[in-house]
Amino acid sequence: MSLRESFAILAERLDGRLSLPGEPGYDADRLAWNLAVDQRPAAVVVAASIADVARTVRAARELGLAVAPQATGHNAAPLVEGHGLADAILLRTHELRGVEVRPTQRIARVEPGVVWGDVVAATAPHGLAALAGSSHDVGVVGYTLGGGVSFLGRAHGLAANHVVAVELVTADGEFRRVDAQHDPELFWAVRGGGGDFGVVTALEFGLFEIEQVVAGAMFFPIERTEEVLQAWAEWTRSVPDTVTSVGRVLRFPPMPELPPFLSGQSFVLVEAVIQDSAERADALLAPLRALGPAMDTVHAQAPAELLQLHMDPPGPTPGHGDGMMLADLPADAIRAFVAAVGPDADTALLSAEIRHLGGAFAPSAALEVAADRGLPIPGAVGGLEAEYLVYGVGIAVPETLESVVASLGRLLSRIEPWRAPVEYLNFVERRTTGSRFFGDEGRLARLRAIKHAVDPTGVIRSNHPVGR
């Protein structure tokens with residue numbers, strides 16, 4: 001039987017649809033969120049049911065193909081590098097958007113295509129908040145499997161640490177529900193170890209009773225970049241764990257949909273989220289406000305508003321980005337950052353940011369949070385062994401790609417001296433060895449042993465496989 005005939009049989013069994021190269025719908029179905037990433041799989045399955053996930057995995061195994069699960073398609077660049085998915089079925093789960101909220105338990109259960117906007121819309125009426133990403137259209141599953149750095153995270157830690165159960169289809173095509181009591185090794189691996197162990201069909205995670213935060217951004221002229229970022233870096237050394245913030249250089253493209261005071265303008269800014277009273281927040285922010293921001297949007301708000309704080313693009317965009325974690329952020333590191341992306345830099349990056357970590361993001365603090373709140377012991381990545389996280393990105397269309405790549409390379413090379421020993425999986429958009437994500441050899445060996453046990457022939461393919 002030919003491969004095309006086998007695909008035709010699979011298509012008949014699906015509740016969703018299957019498309020092949022050259023067929024109508026294939027080009028639309030294969031698109032990643034980053035439109036600059038060219039995914040060309042052997043076939044695309046758009047699942048319309050959880051049963052479709054198992055059908056696809058079983059078919060791929062029988063055909064000697066891999067399965068690459070994908071919801072929104074964020075961070076897809078490492079997935080296609082080198083092979084373009086030519087030997088894989090791209091399994092799109094973005095149409096599976098069910099969200100269930102259990103208010104009395106403070107638990108949410110989400111299907112694999114759910115984005116953070118869906119979760120916020122479902123939890124906000126109950127006065128509950130999740131450790132959401134910084135954009136409404138980031139997929140919950142991929143974000144959480146890679147750790148999950150939230151604007152609420154310095155107080156509560158990584159999103160993965162608050163997962164209480166995972167449902168997934170493993171390479172044998174079987175459904176599994178894993179938690180601290182049932183298959184604890186696999187449960188450990190998927191919380192921070194990425195998407196290499198199966199196709200997740202549901203996540204259950206804890207929510208928080210947070211009705212209000214104080215949050216917003218302070219904008220300054222880009223000419224003040226070094227002054228503002230030096231002051232911000234110093235400020236981060238003394239703020240409590242209730243404060244999560246970002247120092248950022250942002251060059252808005254000239255776009256008619258942007259207000260005139262932003263379109264085509266460039267700024268250095270500080271984004272901050274404070275889980276405290278308005279009076280306490282004002283006191284904490286006083287050193288930054290003393291710098292005299294040109295615009296100050298900080299105000300008391302519901303956590304749902306945080307999805308707009310970071311001003312990410314509202315939909316799929318062609319881009320090129322990458323990140324690096326830093327062990328520290330001394331004055332020399334700020335100067336290096338400013339030399340790469342500041343007012344006098346030759347850069348094509350639209351955004352370059354430094355996120356403050358520490359607090360409950362620290363591995364030792366993650367253990368304390370779990371013990372205090374009765375959570376499962378943290379998984380493969382329970383905390384980030386770094387104090388700051390840098391990420392840069394630019395628009396990558398053919399006429400700008402070369403300059404964006406060069407600009408990003410200059411940024412990362414200049415801050416290299418302060419690089420942390422490990423990387424954050426969700427912010428690395430290049431092929432990277434497992435040791436760069438998981439540190440010590442014992443942890444990496446444990447992950448590889450679990451991968452071999454559940455997927456010995458490599459049916460499941462992720463953007464950051466543990467075996468690399």
Side-chain angles (χ1 to χ4, degrees), residues 19-44 68 70-88 90 92 94 134-135 137-139 142 222 248-258 262-267 310-324 337 339-353 390-415 426-432 461 463-464:
S19 59
L20 300 174
E23 292 183 350
Y26 174 80
D27 284 337
D29 290 341
R30 69 185 178 90
L31 287 178
W33 191 93
N34 182 350
L35 299 178
V37 175
D38 190 17
Q39 303 186 125
R40 295 187 176 274
V44 183
Q70 190 175 87
T72 61
H74 283 77
N75 203 338
L79 187 64
V80 302
E81 195 172 324
H83 49 70
L85 295 179
D87 60 344
L90 181 64
R92 301 300 306 272
H94 59 280
S134 55
S135 181
D137 64 352
V138 168
I222 193 171
R248 187 180 188 190
V249 176
L250 188 56
R251 290 172 165 86
F252 288 99
M255 298 172 63
E257 53 265 44
L258 290 173
L262 294 181
S263 180
Q265 303 300 308
S266 299
F267 300 92
H310 204 53
M311 298 170 285
D312 287 338
T317 305
H320 177 74
D322 206 0
M324 178 186 293
F337 182 85
V341 301
D344 300 321
D346 177 16
T347 182
L349 299 181
L350 293 186
S351 173
E353 65 186 83
V390 173
Y391 185 77
V393 66
I395 298 297
V397 292
E399 57 268 29
T400 63
L401 178 59
E402 185 176 341
S403 58
V404 170
V405 170
S407 297
L408 187 57
R410 282 193 294 272
L411 169 60
L412 297 182
S413 65
R414 284 182 180 271
I415 61 174
N426 287 352
F427 271 24
V428 174
E429 300 197 21
R430 63 189 182 278
R431 295 187 71 176
T432 305
R461 182 172 295 166
N463 57 346
H464 292 303

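Keep in mind the model is a prediction, meaning the values are calculated, not measured.
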Exercise. Could I get the full list of side-chain hydrogen bond (donor to acceptor under 3.5 Å, both in side chains) partners for Asn463, not counting sequence neighbours?
Key: none
Quiz item: How far apart are the C-alpha atoms of Asn426 and His74, what are their side-chain angles, what is the distance that settles it, and do they pass the side-chain contact (heavy atoms from CB on, under 4.5 Å) test?
Solution: CA-CA 9 Å; Asn426 287 352; His74 283 77; over 6 Å; no
Quiz item: What distance do Arg40 atom CZ and Leu90 atom CG have between them, rounded to the nearest 0.5 Å?
Solution: 13.0 Å
Exercise. With side-chain contact (heavy atoms from CB on, under 4.5 Å) as the test, would you mind laying out the steps for Glu353 and Val390 before giving the verdict?
Key: CA-CA 6 Å; Glu353 65 186 83; Val390 173; over 6 Å; no
Quiz item: Would you say the side chains of Asp137 and Trp33 form a donor-acceptor pair under 3.5 Å?
Solution: yes
Practice problem: Only pairs at least two apart or in different chains count here, so list each salt bridge (charged side-chain N to carboxylate O under 4.0 Å, His left out) that has a residue in residues 22-37. | Solution: Arg4-Glu23, Arg17-Asp29, Asp27-Arg30, Arg30-Asp38
Quiz item: With sequence neighbours excluded, what pairs up with Ala32 under the side-chain contact (heavy atoms from CB on, under 4.5 Å) test?
Solution: Val37, Gln39, Ala76
Practice problem: Name all residues meeting the ring pair (Phe, Tyr, Trp, His ring centres under 6.0 Å) criterion together with Tyr391; count only those two or more places apart in sequence or in a different chain, and write none if there are none. | Solution: Phe427
Quiz item: Where do Leu349 and Arg251 come nearest, in terms of heavy atoms and distance?
Solution: O-CD, 3.8 Å
Exercise. Can you sort out the partners of Arg248 under side-chain hydrogen bond (donor to acceptor under 3.5 Å, both in side chains), two or more places apart, ordered by chain and number?
Key: Glu271, His310, Ser351
Quiz item: Quick one: side-chain contact (heavy atoms from CB on, under 4.5 Å) partners of Pro21, sequence neighbours excluded?
Solution: Tyr26
Exercise. Can you tell me which residue pairs pass the salt bridge (charged side-chain N to carboxylate O under 4.0 Å, His left out) test with a partner in residues 403-415, sequence neighbours excluded?
Key: none
Exercise. Measure the shortest side-chain to side-chain distance between Thr72 and His94 over non-hydrogen atoms and say whether it is less than 4.5 angstrom.
Key: no
Exercise. Please name the pair of heavy atoms, one in Ala345 and one in Ala340, separated by the smallest distance, quoted to 0.1 Å.
Key: CB-O, 3.3 Å
Self-check item: Leu258 side chain near Phe252 side chain, heavy-atom distance below 4.5 Å
Solution: yes
Self-check item: Student check: side-chain heavy atoms of His320 and Val393 closer than 4.5 Å
Solution: no
Exercise. Evaluate the side-chain proximity of Ser134 to Asp312: yes if any heavy-atom separation is below 4.5 Å, no if none is.
Key: yes
Quiz item: Sequence neighbours excluded, which residues qualify as side-chain contact (heavy atoms from CB on, under 4.5 Å) partners of Ala36?
Solution: Asn34, Pro318, Ala396
Practice problem: Could you give me the CA-CA distance, side-chain angles and deciding distance for Arg461 and Leu85, then say whether side-chain contact (heavy atoms from CB on, under 4.5 Å) is met? | Solution: CA-CA 9 Å; Arg461 182 172 295 166; Leu85 295 179; 4.3 Å; yes
Practice problem: Would you please name every residue forming a side-chain hydrogen bond (donor to acceptor under 3.5 Å, both in side chains) with Thr347, sequence neighbours left out? | Solution: none
Quiz item: Are the side chains of Thr317 and Ile395 in touch, meaning some heavy atoms are under 4.5 Å apart?
Solution: yes
Exercise. Using salt bridge (Lys or Arg N to Asp or Glu O under 4.0 Å) as the criterion, list what pairs up with Asp322, not counting sequence neighbours.
Key: Arg430
Self-check item: Exercise: identify the closest heavy-atom pair between Glu429 and Gly321
Solution: CB-O, 3.3 Å
Self-check item: 4.5 Å side-chain heavy-atom contact, Val44 and Arg92
Solution: yes
Quiz item: Which residues satisfy the side-chain contact (heavy atoms from CB on, under 4.5 Å) test with Ala352, sequence neighbours excluded?
Solution: Phe337, Val341, Leu411
Quiz prompt | Validation row: Gln265, Leu250 side chains within 4.5 angstrom (heavy atoms) | solution = no
Practice problem: Could you list the residues that satisfy side-chain hydrogen bond (donor to acceptor under 3.5 Å, both in side chains) with His464, not counting sequence neighbours? | Solution: none
